[in-house]
Protein chains: 2
Amino acid sequence: MVTTRNSRADVVTAAGRLFAERGYHGTSMRDLGKELGLLGSSLYSHVESKQDLLVEVVEEGARLFGASADAALAQGGSADEVLVRLIDGHVDVVLDNRDVARTFLNEANMLDDSHRRRVLDARDHYEETFRGTLRAGVADGSFRDDVDPKTDAIFILSVLNAIERWFDPGGSMSVAKLKAELGRFVGAALT
Amino acid sequence: MVTTRNSRADVVTAAGRLFAERGYHGTSMRDLGKELGLLGSSLYSHVESKQDLLVEVVEEGARLFGASADAALAQGGSADEVLVRLIDGHVDVVLDNRDVARTFLNEANMLDDSHRRRVLDARDHYEETFRGTLRAGVADGSFRDDVDPKTDAIFILSVLNAIERWFDPGGSMSVAKLKAELGRFVGAALT
DNA sequence: CCTATACAAACGAACGTTCGTTTGTCCAGT
DNA sequence: ACTGGACAAACGAACGTTCGTTTGTATAGG
């Protein structure tokens with residue numbers, strides 16, 4: 001036998017893929033059904049609404065990035081060690097969960113107000129991890145004293161969040177090389 | 001009298017605003033009509049199709065960025081002078097034409113294949129301006145020799161393209177300050 | 001100066017299609 | 001036997017678009 005029945009997780013995964021590729025409003029329930037070999041209506045055996053699927057995907061993204069930041073902080077070490085772990089962790093989250101990350105980054109403002117608020121709060125908390133690390137590094141002298149933690153956290157995250165838009169995991173640049181280039185660029189900017 | 005009749009340009013401008021805010025697929029012709037105090041059907045006095053509007057907005061974006069790069073190159077000067085002009089010009093384009101820039105950056109892949117191809121080519125040509133400037137700066141020693149023009153052009157453009165996502169023109173950071181921070185960050189990364 | 005003509009802008013109704021979703025039924029696996 | 005997954009049909013609403021018509025305004029001819 002080649003086909004299995006689908007689980008709710010299968011539906012959410014496929015939704016992440018299509019939302020990442022075509023956007024939330026560019027994806028219909030019938031599109032999503034086709035992706036799974038189902039009718040659009042059959043998805044309602046697994047899920048309560050289309051919006052529900054977006055919530056699930058985006059919140060998984062928030063959870064993944066949050067967990068990555070927590071792990072980077074938990075290990076301790078100097079500011080630049082923590083920062084490297086934050087960067088590498090971010091890259092891993094994006095590349096290991098590309099569709100979820102893309103949907104998280106690009107489709108979060110298609111959420112209804114209450115869910116969007118929660119996701120933006122989580123995003124701000126994640127950004128604060130970067131800000132705090134930059135602040136610590138400036139305070140202990142490992143980063144230049146003209147580094148502005150608030151602004152530079154945004155700049156660094158801008159570079160990291162754009163990775164999904166151009167990096168090709170099957171291309172000529174390896175993930176290790178990507179991380180090395182990021183470390184060099186950000187390191188040079190801060191020290 | 002308070003109301004005037006609308007021109008095609010008015011429709012395109014409003015389309016840019018809604019496409020930037022809600023995305024192409026998140027904007028209906030009736031939404032767009034309401035924005036102008038019209039019925040959705042009335043828009044077809046000005047425009048041939050919805051896709052037509054997207055083409056117009058996105059291609060204006062491509063034109064604006066292209067013109068900015070041409071201007072930055074035309075003045076000549078050292079690599080870092082050119083780069084500063086490229087950065088400042090990019091910021092000006094984004095902030096003076098926010099809706100067009102946002103639509104250009106986020107909705108270009110909603111275009112049909114032929115139009116998308118042309119826009120991606122223009123985008124690549126714009127990026128090449130940055131790559132070339134970095135290459136020149138490495139060659140003449142004004143930038144560090146571990147700078148990778150291809151990768152660093154992407155990094156710099158990632159920072160620039162993200163500006164529309166967080167910068168608030170009415171907020172506490174002035175445009176001059178934004179440009180200064182960008183110059184500092186990128187300058188430190190490259191030298 | 002008036003008036004007929006031309007034209008662009010907008011209307012309102014309707015087209016066929018697709019949307020998200022609901023319903024009832026059936027079948028396969030436990 | 002029960003139950004969860006899927007089907008097939010259908011719902012009302014909204015979609016992009018077309019149509020014939022009306023409105024307002026500018027212009028050219030008498």
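Lettering of chains follows the sequences in order, A, B, ..., and the numbering in each one begins at 1. Just so you know, these numbers use all the heavy atoms, side chains as well, and skip hydrogens, waters and symmetry mates.
Between R63(B) and D70(B) no salt bridge is recorded (no basic side-chain N to carboxylate O distance below 4.0 Å). Looking at D92(A) and R85(A), no side-chain N of the basic residue comes within less than 4.0 Å of a carboxylate O on the acidic one, giving no salt bridge.
Within 6.0 Å of CZ in R144(A) there are more than 12 heavy atoms belonging to other residues, nucleotides or ligands.
Note on H46(B): a side-chain N or O is less than 4.0 Å away from OP1 or OP2 of dA10(C). Regarding contacts with the backbone of dT18(C), every side-chain N or O of S28(A) stays at 4.0 angstrom or more from both OP1 and OP2.
Comparing R8(B) and R30(B) by the nucleotide of DNA chain C that holds the closest heavy atom to each, the one mapping nearer the 5' end is R8(B).
Counting non-hydrogen atoms under 4.0 angstrom, S49(A) reaches the backbone sugars and phosphates but no base. Using a 4.0 Å heavy-atom distance criterion, G37(B) is classed as a sugar-phosphate-only contact. Using a 4.0 Å heavy-atom criterion, one finds that L39(A) contacts the bases of the nucleic acid, with or without backbone contacts as well.
The main-chain N or O of R102(B) is found under 3.5 Å from a side-chain atom of N106(B) such that the two form a donor-acceptor pair.
A donor N or O paired with an acceptor N or O is not found under 3.5 Å between the base of dG4(D) and the side-chain atoms of S45(A). Judged by distance alone, with hydrogens and angles left aside, S41(B) brings no side-chain donor or acceptor close enough to the base of dA10(C) to form a pair under 3.5 Å.
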